[in-house]
Structure formats: structure tokens, C-alpha cells
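Shown next, in C-alpha cells, is the structure this report addresses.
So that the names make sense, note that chain A is the first sequence line, chain B the second, and so on, each numbered from 1.
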Amino acid sequence: MDINALTPYDRNRFMAMMEEKQVKDSLRLYHNLVERCFLDCANDFTTKTLTAKEEACVNKCCDKFLKYSARIGQRFAEQNTAMVDIQQQLISENASQ
Amino acid sequence: MDINALTPYDRNRFMAMMEEKQVKDSLRLYHNLVERCFLDCANDFTTKTLTAKEEACVNKCCDKFLKYSARIGQRFAEQNTAMVDIQQQLISENASQ
Amino acid sequence: MDINALTPYDRNRFMAMMEEKQVKDSLRLYHNLVERCFLDCANDFTTKTLTAKEEACVNKCCDKFLKYSARIGQRFAEQNTAMVDIQQQLISENASQ
Amino acid sequence: MSYFNQQQAASNQTFMQLEHEMEAMTDVFNKIISSCHTKCIPTKYSESDLNKAESVCVDRCFSKYMIVQQQIGSKLQELSQNVQEMNAEAAARASQ
Amino acid sequence: MSYFNQQQAASNQTFMQLEHEMEAMTDVFNKIISSCHTKCIPTKYSESDLNKAESVCVDRCFSKYMIVQQQIGSKLQELSQNVQEMNAEAAARASQ
Amino acid sequence: MSYFNQQQAASNQTFMQLEHEMEAMTDVFNKIISSCHTKCIPTKYSESDLNKAESVCVDRCFSKYMIVQQQIGSKLQELSQNVQEMNAEAAARASQ
């Protein structure tokens, strides 16, 4: 896959696609995190607000998940250096314009 | 988010998007309901048709799920009044044209 | 649904859509198969490579899943003859052009 | 609308229907794959082939899934017709 | 940019925000449907209606889900502000 | 085709390949996140950090997932080559 085959028009298209993808990925991470911590922590349906125990659980669930997915993200980037290099090349070209 | 910023062209685009979304959401609800009631009710694989017990289970599963999701839908609309108001404003503008 | 209502332009659009769909479906099958066999077979986290037992499990999981989904695919095509006929009609029209 | 535009509109309508049908077929297929694997295929993986019992279960599972889909589809259609009848009656009363 | 193009750009921006909001709402709705069914609706299906206990559970489940979403949303916002402050400090030090 | 159109076509081809690769990466990433959380992170949530055992499990889980993906990818490629060879042989016999 020859990255230099991309015309300036398609380079811009790719940057726009990466931006939109990052917005969507962040939203998806947020919504998946809410679902996961709800399922794992909310177990006492005698009240309609969170108990102190549930609220503490959600805090730790959230912190733990963010550290966990950062670690997976690191391992993933180490594995997918080709794609990471392409993205970085296009970002720095865009920044220097 | 200023709803009055929408040009007539984009108001139409939004109405068309909402219509397409409603069709897709109805189809998704139907398919998810089928999957759920199949998983919960179909357990006797000595036959290839539904047993009387399985058929009765599917009926109640379906009815219960529709009442359940209507209730969630009510609570959801009460919470998301801003978006509901925007949708209703655009629908009534469209109807009076 | 009158298939003959499709203009030549839309016939091509449909063929292109079916091709893109086949690529996406194959990728999805592959990724789902990897996830399934990982979940079912990878259970020994004292090592970072697969044990002999895990590797054999992945092999059988993969073979079994492919035979299983081929069987479901057969049953599915027998049920959905209308859509299969439409697709075959468009494919043979395309081939004879 | 010219004859050409009418043709184009009907063709586009058919195209969108085909597109929706193919997406629905993919969704149903994937749900059956997932559901019947859960019901019929043990995760021990002692051999590479489907044995006789698993094959029979898979065929029956597929058949039952289609029947459940038909049963629920009919219920939803009935419900939707009831809603339409109720709306028609209410409209008729309102115009009296 | 002409006035017309400015109008078009602002309208398109609003359209995309509405589109994203509606997709987010659908995603959250579907997750609540799935999560609260697991928490509140037994799969025995002995009757067609939601009984009193199930109805109360469903309302409380919905309420708790919204609170968890708010709690996590605030944490993520706080984290993102911390990152921005750290970047600003690093940029300030780099330019000294 | 003019030189400009050839350039445009090659560029569009590369763009679509990049788009597909990014979608595939997202899909795999999300499946690993889900699978390794199930395998390595207990849902008791007694503390905010990953402890040593969890960190080691996460790294090994990621490594194993990649190996399973490689193993299955090779099998599928082999199968697809077998199918192509069989089709080529059948075509050769048919033309005799």
C-alpha cells in the first residue's frame, strides 16, 4: 500500500476520516465503559440512586478500565507500527502545511 | 446547538435521517426481540418445530419485552426532553408546510 | 419488488454493493472466529505463547466453526430463495455483458 | 415528472429496498450463527467435524429460529394493524 | 466566505451535531434496554405483563444507569481537563 | 485513461484500503479489550490500579490473541488457496 499514491485531496479525506473516527471511538469507549461499570457495580435495586458502595465501585471500575485499555492500546500500537507510521506521516505533513 | 441554524435543505435532510433511523430502529428491535425470545425459550431440540410450551413462552416473552421497552422508552423521553423538543419542532414545521 | 425496475446504473450499484458486502462479511467472519476460538481455547495465562493444548483447540475450533457456519449458510440459502435468485440473476447478467 | 425521472425514482426505490433486505439478512444470519452455536456446539472441541448429534441439532435450531421469527413477526404486524385501526377510529370520531 | 456559505457551514455543523446526538441516544437506549432486562426481567416468562416488582426495578434501573453515566462522564471530563492543563504547562515551559 | 485519472484511481484505491484497514484495526482492538477484560480483570474492583498479576495477564492475553489471529488467518489463507487450486484444476479439465 503506497501512501505516496494519495493525492492531496485524498490526504485531506484521510485526515478527516481519522478525526471522525477518533470522535466516534471516544464516544464508543465512554458508552461501553458506562455499560460495563453499570453491569458490574449496580446490583441493589431497593433504591433509585447509587448506594455509597455502588458509587465507590463505579469509581474504581472506571479508573481500572482506563488504565487497562491504555495498556492494551500500548501493546496494540507496538504491534501495528506500519499503520501508526502512516498516520504519523500524514499528521506531520498536515501540521507543516 | 441552535436548531434555527438549520437551512430548509438541512431541515429536510434531518427529517429524512429521522425517518431512515426509525425504519432501522424498528427492524433492529424486531431482530433483537426474535434473538432474545429464541435464546430464552427454545431449549428442546428433539423436534424441529416449536413445542406448545416453547410457543407459549415466545408469546409471553414478546409481550413482556414490548411492555418493558415501552416503559424504558417513556423514562428515556422524560430524560431527553431537549432532543425530543427539537424533533417535535421539526416535525410540526414539516407538517404545516 | 420488481428487479426489472433497476436501471443499468442501479444494477451496477447493486453489484458493487454486493461485492463490498462480501468483503466486509468475510472480514467479520474472520474476526468473530478469532474472538470465539480465543475465548473458548485460551485459558492458560502462565505463558505468553499458546500451549500445545491451546493450539490444538484453536485448530479444531476453527475447523468446526467453518463447517458449522457452512451448514447454517446452506439452510439459510434454502430459506431465502427469492433473494438468492435476484442475486444470481444480476450476477449472470453482469457476466454476459 | 418526466418518464426518465419516474424510471430513476422507481429504480432507486427498488435499490434501497434491496439494500435494506440484504442488511436484514446479514443481521438475521449472524444472530442465528451466534444463537445456534450456543445451543448446539459444545466448546470442548474434541474433534474437527460436526458429529451426527450436532448436525441434527443445528438443523432443528435453524428451523426453530425461523418459526420464532415468523411467530413474532405476525404478532408485531397484528399489533401495528390494531394501532392503525385505533388511529382511524379516533380520526373518524374527531371529525364528527 | 460569503454570507450564504457561512449559513451553509453553520447549518451543516448543526446537522452533524444532531446526527451524532441521535446516534449516541440510540446507543445508550439499546444498552439500557439490554442491561436493565438482565437486571430486572427473569427469563421464565410466566406472564405477559410487567408485574409491580419488575416495574419498580425497571424505573430504578433506568435511574441508576443515568447516574452512572453522569458520574463517569464527569470523571472523563475532569481527566481531559487535567491533560489539557498539563499540555499547557509543558508548552509554557518549552517556550521559556 | 489520462495520467490524472490513473493517479486519481490509484489514490482512491489506496484510500479505500486504508479505510478498510482502520475499520479492521478498530474491530480487533475492541474484541481484545472485551476478551482480555473477561480473562484478566475480576469484577470485584477492590482498587483503582492494575496490580502486578493483572498487568502480566493483560500482556500475555494480548500476545496470545495475536497468535490465535495469526494461526486462524493462516488456516483461512490455506483453505482459500486450496479452493483456487481446485477451481483451476476443474477449469483445466473442462477445457480438455
Under a 4.5 Å heavy-atom cut-off, does chain E meet the side chain of E55(A), its backbone, both or neither?
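Both backbone and side chain.
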Residue part contacting chain E, namely of T47(A), when any heavy atom lies under 4.5 Å:
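T47(A) touches chain E through backbone and side-chain heavy atoms alike.
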Quick one: [atom1] on [X] to [atom2] on [Y], what's the gap to the nearest 0.5 Å?
{"X": "Y30(A)", "Y": "K75(E)", "atom1": "OH", "atom2": "NZ", "value": "13.0 Å"}
{"X": "F38(A)", "Y": "T38(E)", "atom1": "CZ", "atom2": "OG1", "value": "9.5 Å"}
{"X": "Y65(E)", "Y": "E35(A)", "atom1": "OH", "atom2": "CD", "value": "5.0 Å"}
{"X": "H31(A)", "Y": "N30(E)", "atom1": "NE2", "atom2": "CG", "value": "11.5 Å"}
{"X": "Q71(E)", "Y": "N59(A)", "atom1": "CD", "atom2": "CG", "value": "5.0 Å"}

What's the shortest heavy-atom distance between V34(A) and V68(E), and which atoms?
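Closest pair (atom of V34(A), atom of V68(E), distance): O-CG1, 4.0 Å.
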Could you look at Q69(E) and say if it's the side chain, the backbone, both or neither that has a heavy atom under 4.5 Å from chain A?
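For Q69(E), the contact with chain A is made by backbone and side chain together.
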Is L79(E) close to chain A through its backbone or its side chain, or both, or neither, when contacts mean heavy atoms under 4.5 Å?
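Contact with chain A is through the side chain of L79(E) alone.
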Against chain E, work out which of V23(A), D63(A), L27(A) has the most heavy-atom pairs shorter than 4.5 Å and name it.
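Between V23(A), D63(A), L27(A), the count favours D63(A).
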Taking atom CD of E78(A) as the centre, does the number of heavy atoms from other residues, nucleotides or ligands within less than 6.0 Å exceed 12?
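Atom CD in E78(A) is crowded, with more than 12 foreign heavy atoms closer than 6.0 Å.
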Tell me whether D44(A) is salt-bridged to K64(E), with the criterion being a basic N under 4.0 Å from an acidic carboxylate O.
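No, D44(A) and K64(E) are not salt-bridged.
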Is any side-chain heavy atom of [X] closer than 4.5 Å to a side-chain heavy atom of [Y]?
{"X": "L76(E)", "Y": "L66(A)", "answer": "yes"}
{"X": "E20(A)", "Y": "H20(E)", "answer": "yes"}
{"X": "K48(A)", "Y": "V56(E)", "answer": "no"}

Between M66(E), M16(E), K39(E), which residue shows the highest count of heavy-atom pairs closer than 4.5 Å to chain A?
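Looking at each option in turn, the highest pair count goes to K39(E).
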